[in-house]
Amino acid sequence: MIPRVLTVAGSDSGGGAGIQADLKTMLALGVHGMSVITAVTAQNSLGVQGAWELPVEAVRAQYRSVVDDIGVQAVKTGMLASAELVEAVAELVSGTDAPAVVDPVGVSKHGDPLLAATALESVRTRLLPVATVATPNLDEVAQLTGVRVDSEDDLRQAAAAVLAYGPRWVLIKGGHLSGDALDLLTDGSAEHWLRAPRHDNRHTHGTGCTLASAIASGLAKGLTVPEAVREAKEYVTGAIAAGFRLGAGIGPVDHGWALRRPHAG
Ligand code: PXL
């Protein structure tokens, strides 16, 4: 049977990030994508114009419907909006026998808040401990741990600070530094440095969601964490290179790029 992957995240009406990015990524990578919607954003290339959370019982019901009948080989979490939703999702994930990729989404590309400040402690103490892989960017590292990364030399310290909350692996995304896009994947003993050239392309909406979903897709196929992260980074780098203009602001990465490769399967 086709590997099944569940995203628990917010909807981006513009189709570049959130649930929409997750499902497109899963299609491109050959897994069956399913969704639990936690919040709905009114959003376009210019930013987030509005956001509405779903009731906790609606999130729980979606999750149970999917997991209890269809089953999942990996779960990805994204925008969770509130402490109440973070705690409910952490509990659901901890009761599911599948690897979990936690993207601790804090703010959108435009700086719009997607997580209440009052939810940070729940992310630290409830959600990170159930993660197989956590994928914070540098802003999220600072928000969650207080560690500020100014150069590649600080990535190790950032990783240690996140690992202290209990995820099995952490992928620190150094893409907001200048120079190459350098990420550090570590479980506290093994260290994998992933470097990709920086593409001169401002149309990068959805990169974080896409990367986390690609990792979950790889894990669902049975790849190890380092293999899944390496393949996911390749996929997102291609998607960034092919990112395109849409609306008047920041356009999305191109989830379909790999489908157009001559050898796409
Ligand atoms: O990339 C973070 C993110 C997650 N979830 C939703 C988003 C965004 C960024 O815009 O809109 C719904």
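Values below: every heavy atom of this structure, side chains too, minus hydrogens, waters and symmetry copies. This chain uses plain numbering: 1 for the first residue, then up along the sequence. Just so we're clear, the structure is a prediction, and the values are computed from it rather than from any experiment. Atoms within each ligand, like the ligands themselves, are counted from 1 in listed order.
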Is Arg124 salt-bridged to Glu121, cutoff N-O under 4.0 Å? yes

Ionic contact status for Asp183 with Lys233, cut-off 4.0 Å: yes

Tell me which protein heavy atom sits closest to atom 10 (O) of ligand 1, plus the residue, atom name and distance to 0.1 Å. Gln43 OE1, 3.0 Å

Mind jotting down which residue pairs meet the salt bridge (charged side-chain N to carboxylate O under 4.0 Å, His left out) criterion with at least one end in residues 136-153? Sequence neighbours excluded, please. Glu152-Arg195

Report, in ascending order of atom number, the atoms of ligand 1 lying under 4.0 Å from any heavy atom of Ser108. 9 (C), 10 (O)

Which of the atoms of ligand 1 are close to Gly10, meaning less than 4.0 Å from one of its heavy atoms? 12 (C)

Test side-chain hydrogen bond (donor to acceptor under 3.5 Å, both in side chains) on His255 and Thr210 and set out the steps. CA-CA 8 Å; His255 295 99; Thr210 299; 2.7 Å; yes

Assess whether a salt bridge exists between Arg156 and Glu191, defined as any Lys/Arg side-chain N lying under 4.0 Å from an Asp/Glu carboxylate O. yes

So which protein heavy atom does atom 3 (C) of ligand 1 come closest to, and at what separation? Leu114 CD1, 3.5 Å

Give a yes/no on ligand 1: does Cys209 have at least one heavy atom closer than 4.0 angstrom to it? yes

Nearest heavy atom to atom 5 (N) of ligand 1, choosing from Met79, His110, Glu140, belongs to Met79

